[in-house]
Protein chains: 2
Amino acid sequence: MTSPVSETTYLKSYNIHDFDVPLTSVDMAIFTVHEDRLKVLLTKRAHHPEMGKWALPGGFIDQIKDHSLSDTARRKLKEKTGVDTPYLEQVETFGSAKRDPRGWSVTVAYLALLPYESITLAIGENTESVIWVNLDEVEQNDTLAFDHNSILSICHERLKAKVQYTSLPVNLLPEAFTLTELQNIFEIILGKPTEKKSFRRRILDANILEETGDMKTGSNRPAKLYRVSENGEKHVFNRIIEGPRV
Amino acid sequence: MTSPVSETTYLKSYNIHDFDVPLTSVDMAIFTVHEDRLKVLLTKRAHHPEMGKWALPGGFIDQIKDHSLSDTARRKLKEKTGVDTPYLEQVETFGSAKRDPRGWSVTVAYLALLPYESITLAIGENTESVIWVNLDEVEQNDTLAFDHNSILSICHERLKAKVQYTSLPVNLLPEAFTLTELQNIFEIILGKPTEKKSFRRRILDANILEETGDMKTGSNRPAKLYRVSENGEKHVFNRIIEGPRV
DNA sequence: TTGCCTTAGTGTCTCTACGGCACTAACATT
DNA sequence: AATGTTAGTGCCGTAGAGACACTAAGGCAA
């Protein structure tokens, strides 16, 4: 104990029955899309328990380095992918007596979205211990460490839910992209086709994109390139009850 | 330390730099509606730090009594209100070096909705230390302990957001209620009037309510009483992108 | 009993915006 | 120049939202 006094006071005043307090960690579901597949980042556990098993990347709060919880998440993400300005969202916190064999534990799950091109895997690590895996395969195999399969499942649910009413998938694409590329990402995540005209109307009416001015050439008719505009930061492009759609 | 071995291993394997680990607590934003006002439950802090200040009810995980995090929330809620089957939803987890003067700390915020009639305040406690306060007054005064004002604010945001697309406010009413009563609750939370016909059409088309068969009599024309039906549990009564509304 | 007030609940019109689908536009390739 | 492919548009039918006037059913006072 480096600071027994403050902790003792802390515990006494709240009637905690002893010092065996659950540790709090952060786990990350980092998604990207590559070759028309939704992928998630996994790391191989180097220590007990569950050594050798694949797991969501994560770790403990560093009280020196991290000022807030999201700093912990960002730090872990940077360690694994080299990216330091991801789309990052806290999803849910899981705490129970049984999720870790060592006893009561708590973990805060974060979801991150990255463009595949922006990533440099496993900075300063054994590269084989950090990999992208197709999400559907991970979900079918159900062999991740601890309760990471159910955490991942809930993060996936959240992603699918938010795609219904936000422009969140833009974070899976590079800065400039075509509407067809964006629509593809939506379809990959939702797992079903979307009407082209409706999609374009909604996303353009939402006023969250702006033209870069450039075109994507290559094969066939060139396509306009778009980027996320100022007011696109909020990601929301649809409301429901009353009032015009936003 | 009751289990030094496991904890040492735990910490070592993750390179935690020492034993001064943040403690994790649970805080609750408990809402109800009474006399056409949205209210939140506050407790007066009996110990340092911030002794005497009003705060959201909360506390630490009890590793014996609680099997999961939501058990902690439910236990706290039961202690303060006597209710043990609330609508309970985890909102967000706040962790930082500064939110508590004693150092790094983490708290998981929960939102609960209760019918006013179901509540017996402050079971076995000094009744003056647990009170209902009008939410707008709390938000204006901005004098809660720790970062509880911002936690409360985020819980309020979540409530308003979900009311846009769910039937969540039914949890603020007794089991049987009229559509007008339900509409009133929506209007109180959203802070603006709603078209009667539209409201009724949406909520009835959503198929989440069923008639009890009874009528609410009293003054003027009697109104049909409704309750939440089986499929109403999910609370969702509207979708957005593509496909018919659910 | 009648008439009036209040609240519950409905009929119906208009208009927006979605899905659907056929169409045109602009390139590459041969 | 013809063909193929992808980008992007025009337009129609229709569902469902808002708006608001209307009817329904009680209490209460005279």
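Below, read A as the first sequence line, B as the second, and so on, with proteins coming before strands; counting in each chain starts at 1.
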Round to a whole Å and report the spacing from [atom1] of [X] to [atom2] of [N].
X	N	atom1	atom2	result
B/Lys224	D/dA24	NZ	P	15 Å
A/Phe199	C/dC18	CZ	P	13 Å
B/Glu195	D/dA21	CD	C1'	11 Å
A/Phe177	D/dT6	CZ	C1'	19 Å
B/Leu179	D/dA24	CG	C1'	16 Å
A/Arg200	C/dG19	CZ	P	15 Å
A/Glu211	D/dG8	CD	C1'	12 Å
B/Asp205	D/dG18	CG	C1'	14 Å

Indicate the ring-plane relationship of A/His34 and A/Tyr116, choosing parallel, tilted or perpendicular according to the 30° and 60° boundaries. parallel
Heavy atoms from C-beta onward define the side chain here; which of [options] lies closest to that of [X]?
X	options	value
B/Ala223	C/dC18, D/dG8, C/dA8	C/dA8
B/Asn220	C/dG9, C/dG19, C/dT7	C/dT7
B/Lys196	D/dT9, D/dC20, C/dA8	C/dA8

Looking only at side-chain N and O atoms, does B/Arg221 come under 4.0 Å of OP1 or OP2 in D/dA24? no
May I ask you to verify if any side-chain N or O of A/Ser198 is less than 4.0 angstrom from the OP1 or OP2 atom of C/dG19?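 For C/dG19, OP1/OP2 do have a side-chain N/O of A/Ser198 under 4.0 Å.
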Tell whether A/Arg201 reaches the base of D/dG8 with its side chain through a donor-acceptor pair below 3.5 angstrom.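 It does not, because no donor-acceptor pair links the side chain of A/Arg201 to the base of D/dG8 below 3.5 Å.
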Salt bridge between B/Glu89 and B/Lys162, side-chain N to carboxylate O under 4.0 Å?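 Salt bridge: yes.
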For B/Lys197, report the nucleic acid contact type (base, sugar-phosphate, nothing); a contact means any heavy atom under 4.0 Å.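 Counting heavy atoms under 4.0 Å across all strands, the contact made by B/Lys197 includes a base.
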Answer whether the closest heavy-atom distance between the side chains of A/Tyr110 and A/Leu69 falls below 4.5 Å.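 A/Tyr110 reaches A/Leu69 side chain to side chain.
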So, A/Thr180 versus A/Thr178: side-chain donor-acceptor pair below 3.5 Å or not? no
Please check this pair: side chain of B/Thr32 against backbone of B/Leu114, looking for a donor-acceptor N/O pair closer than 3.5 Å. yes
